Amino acid sequence: MSRYSAADIEPKWQAAWDKLGVFTAKRDESRPKYYVLEMFPYPSGRIHMGHVRNYTMGDVVARYKMSTGHNVLHPMGWDAFGMPAENAAMAIGGHPKDWTYNNIADMRAQMKPLGLSIDWSREFATCDPEYYGQQQALFLDMLDAGLVTRKNAVVNWDPVDMTVLANEQVIDGKGWRSGADVERRELTQWFFKISDMAEELLEALDGLDNWPAKVRLMQENWIGKSRGLEMEFTLSAPAHGHDTLKIYTTRPDTLAGASFMAISPDHPLSKALESDNADLAAFNADCRRMDTTEAAMEKAEKRGFDTGLTVRHPLDDSRTLPIWVANFVLMDYGTGAIFGCPAHDQRDLDFARKYDLPVIDTFVAMDSDARVENTAFTPPKTEKVRWIDQPAGVTEATGQEAIDATIDWAEARGLGQGKTQFRLRDWGLSRQRYWGCPIPVVHCADCGVVPEKKENLPVQLPDDVTFYIPGNPLDRHPTWRDCACPSCGKPAKRETDTMDTFVDSSWYFARFTSPHAATPTEKADAEYWMNVDQYIGGIEHAILHLLYSRFFARAMNVTGHLPAKSREPFDALFTQGMVTHEIYQTRDAKGRPVYHLPEDVSDGKLADGTEVEIIPSAKMSKSKKNVVDPVSIISAYGADTARWFVLSDSPPERDVEWTAAGAEAAHKFLTRVWRMARELADQRDAGVGDLDKSLQDLMDSMQLGMNPLDDELMRATHKAIDDVTKGVESFGFNAAIARIYTYVNALSKSQASARMKWTSMRILAQLMSPMTPHLAEEMWALLGGEGLVVETPWPTPDDNMLRDNTVTMPIQINGKRRGEISVPVDMSKEDVEKQALASDPVQKALAGGTPRKVIVVPGRIVNVVI
RNA sequence: GCGGGCGUGAUGGAAUGGUAGACAUAUCGGACUUAAAAUCCGAAGGGCUUUGCCCGUGUGGGUUCGAGUCCCACCGCCCGUACCA
């Protein structure tokens with residue numbers, strides 16, 4: 001071979017790894033285990049660059065850990081249930097099952113050429129009956145343990161298609177197919193009682209030291225613990241059997257500033273009033289004609305309806321407050337009723353101005369008497385303020401102090417109770433869809449809702465279903481629902497709801513430890529392999545997937561399927577950024593955007609010379625025509641180039657922009673490295689000198705009398721090992737790669753002996769092996785390395801080789817760089833100061849005077865203040 | 001709306017509160033070549049009155065001997081917002 005050919009190299013080494021089974025994970029108590037996991041993909045049919053980046057990062061970690069003596073588990077599977085399969089069946093015909101398994105086969109075939117160190121023997125798809133049957137067993141155990149409940153919840157209902165819509169299927173309040181106005185409809189649904197674990201899920205965040213702080217913060221805010229006051233207001237006159245209105249507030253300190261009450265359209269009082277108030281009924285109906293997302297609710301115009309009812313103000317019997325129905329009050333949170341304090345809440349203020357309600361200040365800033373006009377006064381709860389009217393008698397205090405005092409005050413007088421509230425709601429898992437895990441329960445006329453017997457699992461999806469009409473095919477299947485009641489044996493009907501696909505992805509990491517066991521997990525395997533030492537995935541999963549998985553791990557511990565140490569299943573988490581690409585866009589006659597494929601654009605112009613508008617760094621999407629297909633990159637340059645590029649150009653947690661030039665450059669670099677190895681190998685073949693087995697051997701034999709050029713390269717090699725190791729261990733892959741570039745530049749310029757260069761080149765192969773494993777094996781083999789790189793221990797640097805004798809220190813005058821001095825590393829602070837003061841720029845600036853202050857940061861900098 | 005994050009040369013980016021721009025791309029110059037490609041070597045933030053000085057990390061303030069980094073406000077983009085996965 002006379003030039004670098006990935007097409008020849010890559011399949012060869014993949015076959016070599018397969019033959020030895022180096023990636024097959026086996027329990028081995030004698031070695032420390034390391035479980036590295038990337039979030040498994042949805043089988044859309046094509047892998048994309050985001051997958052390449054995600055799995056390459058995991059592969060770097062896995063291969064590095066392998067080389068440091070760990071027994072590595074690195075599995076792969078498919079998050080295979082979900083709506084796209086049903087949508088495909090509706091759009092193009094066929095069956096979700098065929099579509100899904102075909103996609104999996106395609107994606108596996110696209111993924112394998114990447115040369116990932118995956119144990120494919122553990123592969124499974126969540127739509128395998130073997131997997132979802134165990135998920136049903138888990139569900140039954142959780143039901144038994146009291147972790148599951150049934151209650152009502154609202155869904156998006158499409159009245160034309162007669163079907164439940166997902167939030168993403170509701171566009172501007174209308175169904176995506178029918179275009180009909182979507183309605184909120186209440187259904188009885190299954191829930192996991194995740195809110196029972198809110199406190200623990202919150203507190204345990206503290207222990208997740210190796211998770212990004214931002215993810216812990218997002219989860220903390222999502223769980224949303226707050227302490228407030230629950231209290232009752234007395235209605236001036238009872239209405240529809242209600243004589244009090246129970247509210248929950250996190251700001252009881254502002255009670256004196258209450259100027260109206262607001263209740264949810266779904267509040268029992270609001271519903272009761274509908275019967276004799278047609279206008280209110282119409283208002284409520286209008287409020288319910290909105291999709292169910294929080295964003296839509298919050299962004300909608302704030303509207304209210306005056307019920308005409310009033311309550312008495314608890315602080316002053318002579319004051320009455322009107323009760324309004326307001327579209328921004330959620331029935332799900334607190335009691336579905338609040339008091340409005342316009343002076344200290346912007347939303348309440350906007351509402352008060354709109355409907356001409358009073359604004360009553362209860363506190364002002366320490367240094368100002370300014371009253372609220374059109375901006376509510378909402379200082380942080382930690383800021384001290386002056387109170388005008390405070391029930392608990394507080395005069396000067398922070399908001400938080402006033403809240404605490406008011407809760408105590410209200411409890412002492414029997415006006416209300418302090419209450420800790422969580423924002424986190426129970427996890428509704430019912431889905432009215434076919435392509436999901438059937439919920440294994442039976443509805444019996446006599447016995448009610450009965451769990452299916454474990455020996456009847458899996459409750460399998462029927463294959464003979466059609467998708468010509470919307471709705472759940474399980475519902476309309478002629479026979480599938482029919483079954484015997486597990487309790488009394490009489491004819492009964494199966495539940496037709498299936499599980500949220502988040503359930504599937506909430507325990508797959510545990511299943512990988514024994515993917516084909518007859519129980520959800522196998523004790524010894526779970527005990528050995530858990531926890532996941534390093535989990536890698538997108539930041540978009542920061543809340544739901546990760547929170548649900550944390551809940552599931554606890555539930556699996558409660559039900560005996562995971563050890564207690566796995567209640568937190570992911571020891572370390574890394575969230576990686578997206579792969580983006582420029583969009584090339586022109587406009588049609590009507591000014592609408594027209595998108596163009598990258599290959600149709602050169603020098604910012606189309607073939608016919610039309611200038612294109614370039615939109616940088618956009619998420620890859622088919623409709624914008626800016627998708628780069630990994631398969632074509634691999635066939636053009638090879639997997640190592642693709643892997644090298646996605647790691648090199650951006651820090652892993654940030655987005656990386658795919659550019660053709662960048663890919664080209666990555667390939668050129670790998671070619672250059674290969675050529676250097678080839679040339680050295682040719683010299684060896686010509687019989688110049690002997691090879692040493694390792695860097696250590698070389699050092700031992702050359703330590704004395706080494707020539708300066710060898711010494712220089714030796715030091716560069718040790719520094720490269722040190723820096724690359726640190727980079728890989730800290731997810732600084734781009735920095736590690738930059739360091740490899742520097743090292744290669746030094747190596748190619750070096751005039752050191754052939755022996756030294758051979759050894760350095762082999763070290764280079766090792767340092768590159770986690771990122772470009774095929775090229776590394778090839779170099780290793782060319783240079784006479786023993787065995788495979790993948791099985792060779794990672795090199796360790798010698799501390800003596802990392803130390804420099806002198807250091808260059810910049811000299812600042814008043815914080816601006818004015819010169820530098822070179823001093824021995826271990827020179828004392830005093831001597832460094834003397835040298836710095838004696839230097840030309842300082843002497844010049846001092847002009848005979850004395851400095852006001854001299855700061856010496858050893859090994860770093862000297863700052864002279866004049 | 002709310003919660004979280006990000007913003008540095010032409011471009012991707014580097015920088016434990018301590019020399020801003022490592023490394024790479026694009027560009028320019030040189031070597032090699034009949035020529036080109038490839039390869040190798042080199043230059044380069046902007047400006048000026050160029051022994052040196054000024055400006056410069058989205059914008060405006062602040063803390064510090066010293067701020068890309070910490071604090072406050074604002075602008076823009078991205079992620080999430082509970083039935084997309």
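Chain naming here is simple, since letters A, B, ... match the order of the sequence lines and numbering starts at 1 in each. This structure is a prediction, so every number in the text was calculated from the model and none was measured.
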Chemist: Between A:R431 and A:D500, is there a side-chain N and carboxylate O pair less than 4.0 Å apart?
Modeler: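 Looking at A:R431 and A:D500, the cut-off is met.
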Chemist: Among B:U81, B:G42, B:G13, find the nucleotide with the atom closest to the side chain of A:S650.
Modeler: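 Nearest to the side chain of A:S650 among the choices is B:G13.
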Chemist: Just call it for A:R852: base, sugar-phosphate, or nothing, with non-hydrogen atoms closer than 4.0 Å on any strand.
Modeler: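 Answer is nothing: A:R852 stays at 4.0 Å or more from every strand.
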Chemist: Indicate, with a heavy-atom threshold strictly under 4.0 Å, whether A:I740 touches base, sugar-phosphate, or nothing.
Modeler: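 Touches nothing.
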Chemist: From the set B:A85, B:A82, B:C83, return the single nucleotide nearest to any side-chain atom of A:F502.
Modeler: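 Out of B:A85, B:A82, B:C83, the nucleotide with an atom closest to A:F502's side chain is B:A85.
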Chemist: Both A:M218 and A:I539 contact RNA chain B. Taking the nearest nucleotide for each, which residue is further toward the 5' end?
Modeler: A:M218
Chemist: Looking at every strand, decide which applies to A:Q189 at a 4.0 Å heavy-atom threshold: base, sugar-phosphate, or nothing.
Modeler: base
Chemist: What is the distance from CD of A:E301 to P of B:G1, rounded to the nearest Å?
Modeler: 15 Å
Chemist: Let me know the distance between CZ of A:F645 and P of B:U11, rounded to the nearest Å.
Modeler: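 Distance, rounded to whole Å: 16 Å.
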Chemist: Can you build the contact string for nucleotides 16-24 of chain B? Use B for base contact, S for sugar-phosphate-only contact, and - for no protein heavy atom under 4.0 Å.
Modeler: B-BB--BSS
Chemist: Evaluate the ring planes of A:W435 and A:F81, with Trp represented by its six-membered ring, and classify them as parallel (under 30°), tilted (30 to 60°) or perpendicular (over 60°).
Modeler: perpendicular
Chemist: In whole Å, measure the gap between the P atoms of B:A67 and B:G13 for me.
Modeler: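 It works out to 25 Å between them.
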Chemist: Take atom CZ of A:R347 and atom C1' of B:G1, then tell me their distance rounded to the nearest Å.
Modeler: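 Spelled out: CZ on A:R347 to C1' on B:G1 is 9 Å.
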Chemist: If you look at every heavy atom in A:D79 and A:P43, which pair is closest and at what distance?
Modeler: O-CD, 3.3 Å
Chemist: Over how many whole Å does the gap from A:I813 atom CD1 to B:C65 atom C1' extend?
Modeler: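 Those two atoms, CD1 and C1', are 13 Å apart.
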Chemist: Please report the distance separating the C1' of B:C78 from the corresponding atom of B:C28, rounded so that it comes out in whole Å.
Modeler: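 These two C1' atoms come out 36 Å apart once rounded.
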Chemist: NA contact type, A:W427, heavy-atom cut-off 4.0 Å: base, sugar-phosphate, or nothing?
Modeler: nothing
Chemist: Of the nucleotides B:U39, B:C55, B:C83, which one has an atom closest to the side chain of A:K816?
Modeler: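 Closest of the options to the side chain of A:K816: B:C55.
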Chemist: With a non-hydrogen cut-off below 4.0 angstrom, is A:G82 in contact with a base, only sugar-phosphate, or nothing?
Modeler: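 Since only primed, P, OP1 and OP2 atoms lie under 4.0 Å of A:G82, the category is sugar-phosphate.
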Chemist: If the P atom of B:A44 is compared with that of B:U39, how far apart are they to the nearest Å?
Modeler: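 The answer is 23 Å between these two P atoms.
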Chemist: Under 30°, 30 to 60°, or over 60°: which ring-plane class applies to A:H545 and A:H541, parallel, tilted or perpendicular?
Modeler: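 Answer is perpendicular, since the angle exceeds 60°.
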Chemist: Let me confirm one number: the CZ-CZ distance from A:F552 to A:F502, rounded to the nearest 0.5 Å.
Modeler: 12.5 Å
Chemist: Between A:K844 and A:S430, which has a closest nucleotide on RNA chain B that is more 5'?
Modeler: A:K844
Chemist: Where the side chain of A:R654 is defined as all heavy atoms beyond and including C-beta, which of B:G4, B:G7, B:C83 is the nearest nucleotide?
Modeler: B:G7
Chemist: Looking at the side chain of A:K299, which of B:C84, B:G1, B:A85 is the nearest nucleotide?
Modeler: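 Nearest to the side chain of A:K299 among the choices is B:G1.
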Chemist: What contact category does A:V865 fall into here, base, sugar-phosphate, or nothing, at under 4.0 angstrom with non-hydrogen atoms?
Modeler: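 Touches sugar-phosphate only.
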Chemist: Does A:N87 reach the side chain of A:W176, with side-chain heavy atoms less than 4.5 Å apart?
Modeler: yes
Chemist: In whole angstrom, give me the gap between the C1' atoms of B:U11 and B:U57.
Modeler: 16 Å
Chemist: Rounded to whole Å, how long is the line connecting atom NZ of A:K749 with atom C1' of B:G42?
Modeler: 10 Å
Chemist: Anti or syn, where syn is a glycosidic angle within 90° of 0; which label fits B:G47?
Modeler: anti
Chemist: Would you measure the distance from the P atom in B:C6 across to the matching atom in B:U69 and give it in whole Å?
Modeler: 12 Å
Chemist: Would you measure the distance from the C1' atom in B:G9 across to the matching atom in B:G58 and give it in whole Å?
Modeler: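 One C1' to the other, the span is 15 Å.
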Chemist: If you go through the side-chain atoms of A:Q432, does one of them form a donor-acceptor pair with the base of B:C83 closer than 3.5 Å?
Modeler: yes
Chemist: Using 4.0 Å as the upper bound for N to carboxylate O, is an ion pair formed by A:D345 and A:R251?
Modeler: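 Result for this pair is no, no salt bridge flagged.
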Chemist: B:G12 and B:U63: how far apart are their C1' atoms, nearest whole angstrom?
Modeler: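 So the two C1' atoms sit 33 Å from each other.
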Chemist: With heavy atoms under 4.0 Å as the rule, sort A:R423 into base, sugar-phosphate or nothing.
Modeler: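 Touches a base.
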Chemist: Using 30° and 60° as the class boundaries, would you call the ring planes of A:F551 and A:W427 parallel, tilted or perpendicular?
Modeler: perpendicular
Chemist: Looking at A:E301 and A:K354, is there a salt bridge between them, counting it only when a charged N and a carboxylate O are closer than 4.0 Å?
Modeler: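 Salt bridge: yes.
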Chemist: Can you measure A:Q219 atom CD to B:G4 atom P for me and round it to whole angstrom units?
Modeler: 14 Å
Chemist: Calculate, to the nearest 0.5 Å, the distance between atoms CH2 and OG1 belonging to A:W190 and A:T149 respectively.
Modeler: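 Rounded to the nearest 0.5 Å, the CH2-OG1 separation comes to 8.0 Å.
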Chemist: Please classify the nucleic acid contact of A:H541 as base, sugar-phosphate, or nothing, using heavy-atom distances under 4.0 Å.
Modeler: base
Chemist: Measuring only the C1' atom in each nucleotide, how far is B:C2 from B:A82? A whole number of Å is fine.
Modeler: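 Roughly 14 Å separates the two C1' atoms.
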Chemist: How close or far is atom C1' of B:C79 from atom CD of A:E653, stated in whole angstroms?
Modeler: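 Interatomic distance, CD of A:E653 to C1' of B:C79: 14 Å.
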Chemist: What's the shortest heavy-atom distance between A:S748 and A:M676, and which atoms?
Modeler: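 So the minimum-distance heavy-atom pair works out to CB-CE, 3.7 Å.
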Chemist: Take atom CG of A:L217 and atom P of B:G80, then tell me their distance rounded to the nearest Å.
Modeler: 17 Å
Chemist: Side chain of A:P651 only, please: which of B:C54, B:C83, B:A14 is the nearest?
Modeler: B:A14
Chemist: If you write RNA chain B from 5' to 3' in dot-bracket form, with Watson-Crick or G-U pairs under 3.5 Å, [ ] for crossing pairs and | for pairs with another strand, what do you get?
Modeler: (((((((..(((.....[....))).(((((.......))))).((((...))))..(((((..]....))))))))))))....
Chemist: Nearest 0.5 Å, what's the OG1-CD distance between A:T575 and A:E540?
Modeler: 9.5 Å
